[in-house]
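Counting convention: from 1, in listed order, for ligands and their atoms alike.
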Amino acid sequence: MPSAADLEWWKNSTVYQILTATFKDSNGDGVGDIPGIISKLDYIQSLGMDAIWLCPMYDGPQVDLGYDVSDYQNVYPPYGTLTDMENLIKECHDRKMRIMLDLVISHTSNQHPWFLESKSSKDNAKRDWYIWRPAKHDEDGNRIPPNNWKSVFGEESAWEWDPSTEEYYLHFFTKEQPDLNWEREETRKALFENAIVFWLEKGVDAFRLDAANMYSKPEGLVDAPVTNEGEAYQPATQLCCNGPRIHEYLLEVREVFERYGAVSAGEIPFTCGREEVLPYVSGEGKQLDVVFQFDVVGVGMGGGRKYDVEPRDWTLPDLKSAFSLVQDTLKNSDAWTAIFLESHDQGRSISRFGNDKPEHRVVSGKLLSMMLATLSGTLFVYQGQELGMVNVPDDFPVEEMEDPESGLYYKFIQERSGEDQDEMARAARAVRYLSRFNARMPMAWDGNAEHAGFSSVEPQTKLHPMSGEINVAWQEGDSDSVLSFWKRMLQLRKEHAEVLVHGEFVPLHLDHPSLFVYLKQKEDHKVLVVLNFSEEENADWTDTLDGEFDLDKEDSELLISNLGKDGLNYEVLRPLEGRVYCGK
Ligand code: TEU
């Protein structure tokens, strides 16, 4: 009989997210690959990781870094072969690690044979596998798309005209990523067999469901409300996420997963608050084992447009309330959530939420690791995060930041402003701050090796300019490094899993401008976490306790400080210092 902990392995696991393209190149073609990942599994395990999540490694044109799949059952050739994947699954399992793949089934690539058939004629048997609609016409008789939806990326319509069959197809993301029509049962069945069963048969333990809340479109494909006055196309995310049949569809997906005891972690952007989140992940009819909520990573992003911001335009209370909201998902429910600050879709967390000045970078990376490793839920760490990798520097050419999302935004500002210098400079700041490219640069394995040990040749994606300073080899040999600190935090998380992974989160003084203070508690076990986000000392932090934590001043109660115990003054928190105390 597997133990309860084994049955719910994903809860206590820390999952390491890998982007194959930029993780490790084993065959000298400048692109990362599956054998490269296998060669680093021991490293990943040595960090304290229990599982890996692999971003899409399926075959596809890579318009959106693999989130455009043209063949679910084959590997993108530069990454390797099916045999390499079978080896990876086996190598993970040999180490008692689990493997999670990315499931991209809201859309396919426009090069997928299904779409090519669908597009071939109006009466093709697969025409309805995608979402096709006739044109509308404006007062002057000009052809316009079927509704006013804007694509998630860029400013253009979410509909693309197909001149050969004279209809539009829907693509929520790039025009190379047509949305599948989930209304058709035949399509859903084919998807499940092709994309899910195939891999579960090969022994994959879990899937991360890409855009898991977007499969069901609103009835009648009605216009989105006008939020950007005077613009032709309007954001349709509110309409297209959490659509009318989404839970029904996800239950069907779950049925397939259950046949294999597989775990599902669903990405649910634009889904806010308990009422919207809980139906996915709790109660009898729950469909997902874990949800990725976006409240935290959304802090500091523009409301209307993600990049319409100045860097760091957020306050600590904003970040704290976002975390509280996510932690609250677990309160009085059987729901489960993901804890994460980074992914292939986010800028680096030290640059966004910590402090990336040279003198604070390391300590602030450790501070964020303390925060993440003490919150409840499944912890996800993205490649390079364990090194305290930061965003590109201020002089990095924006034109070189390959990301369809930030690239289209930059182009839009360029055109709208007529290349106005101030506007372009503002957009460049925002792009360097938030672009997904920040997370998509090669892993720095060794500062002394050529190409930072990522590859034996010039990598296809430029190396991060700081790879000489921030890399695995240096940090593994340094007990004060961010990497060594992550190891300690993951160890601590394991030792105190009941309270750190499963405990109740009780924030104290949510409105404090520079301190993040909270308790984690489970039965009579209590842990206090104090995080000073400021560059200033804080001498009155104990005032935030309100008698909620009985702190005796003995050192023995202190589990860890990111500045070490030397020079620790109980009363005074040093700049960017974090501490974890264990209660009686
Ligand atoms: O992301 C879904 C999604 O909603 C994105 O808009 C996400 O919020 C955005 O990238 C944040 O900047 C998934 C993948 O994670 C992403 O990489 C893909 O581009 C997208 O789906 C399309 O498959």
Side-chain angles (χ1 to χ4, degrees), residues 17-22 53-58 60-70 72 100-110 112 149-155 158 170-180 191 195 207-215 235-243 246 265-272 291-309 338 340-349 352 380 382-383 391 401-410 430-440:
Q17 187 192 346
I18 299 174
L19 188 64
T20 307
T22 54
W53 151 22
L54 209 59
C55 285
M57 74 301 152
Y58 314 102
Q62 311 295 310
V63 170
D64 188 21
L65 209 73
Y67 287 90
D68 48 327
V69 181
S70 64
Y72 290 105
M100 172 184 274
L101 298 189
D102 218 308
L103 187 59
V104 192
I105 51 176
S106 179
H107 48 269
T108 65
S109 159
N110 62 349
H112 195 292
W149 297 356
K150 185 164 86 105
S151 158
V152 174
F153 296 152
E155 300 300 312
L170 179 69
H171 62 89
F172 212 46
F173 295 95
T174 71
K175 63 179 189 315
E176 291 85 3
Q177 294 164 295
D179 280 58
L180 282 152
L191 259 182
F207 276 106
R208 173 261 191 187
L209 278 65
D210 183 67
N213 55 357
M214 302 188 192
Y215 308 155
T237 41
Q238 292 306 332
L239 273 181
C240 293
C241 292
N242 319 311
I246 188 64
E267 187 203 28
I268 54 166
F270 314 105
T271 302
C272 307
V291 284
F292 290 93
Q293 298 174 254
F294 282 74
D295 308 271
V296 172
V297 289
V299 169
M301 286 185 184
R305 280 189 193 89
K306 169 175 167 181
Y307 295 92
D308 274 352
V309 285
F340 70 107
L341 266 191
E342 291 194 16
S343 76
H344 65 296
D345 283 340
Q346 305 297 330
R348 291 293 187 177
S349 56
R352 290 188 60 196
F380 288 81
Y382 177 75
Q383 68 184 48
N391 276 352
M401 300 183 70
E402 289 161 38
D403 168 8
E405 187 190 67
S406 60
L408 285 170
Y409 174 79
Y410 195 63
V431 166
R432 287 194 196 95
Y433 176 57
L434 290 177
S435 173
R436 311 189 300 176
F437 178 78
N438 284 298
R440 300 176 175 195

Phe292 and Phe340 aromatic centres sub-6.0 Å: yes
Assert yes or no for the condition that the ring centre distance of His107 to Tyr67 is strictly below 6.0 Å. no
Counting from 1, what ligand 1 atoms have a heavy atom of [X] closer than 4.0 Å?
X: Arg440; value: 17 (O)
X: His344; value: 14 (C), 15 (O), 16 (C), 17 (O)
X: Phe153; value: 19 (O)

Looking only at distance, does Arg208 have an N or O less than 3.5 Å from an N or O of ligand 1? yes
Can you tell which part of His107 has a heavy atom less than 4.0 Å from ligand 1: side chain, backbone, both or neither? side chain
Shortest reach to atom 22 (C) of ligand 1 by a heavy atom, considering only Asp64, Asp68, Leu434: Asp64
Restricting to heavy atoms, the pick from Pro269, Pro56, Cys241, Cys240 nearest atom 4 (O) of ligand 1 would be Pro269
So does [Y] get a backbone contact from the side chain of [X], meaning a donor-acceptor N/O pair under 3.5 Å?
X: Asn110; Y: Gln177; result: no
X: Asp179; Y: Phe172; result: yes
X: Asn438; Y: Arg432; result: yes

So, are Arg305 and Glu155 salt-bridged, with charged N and O less than 4.0 Å apart? yes
Nearest-contact summary for [atom] - protein heavy atom, Å:
atom: atom 7 (C) of ligand 1; result: Asp345 OD2, 4.1 Å
atom: atom 10 (O) of ligand 1; result: Arg436 NH1, 2.9 Å
atom: atom 11 (C) of ligand 1; result: Glu405 OE2, 3.7 Å
atom: atom 21 (O) of ligand 1; result: Asp210 OD1, 2.8 Å
atom: atom 1 (O) of ligand 1; result: Glu267 OE2, 3.1 Å
atom: atom 12 (O) of ligand 1; result: Lys306 NZ, 2.7 Å

Measuring from the heavy atoms of Gln346, does anything fall under 4.0 Å of ligand 1? no
What do you reckon, does Met301 put a non-hydrogen atom under 4.0 Å from ligand 1? no
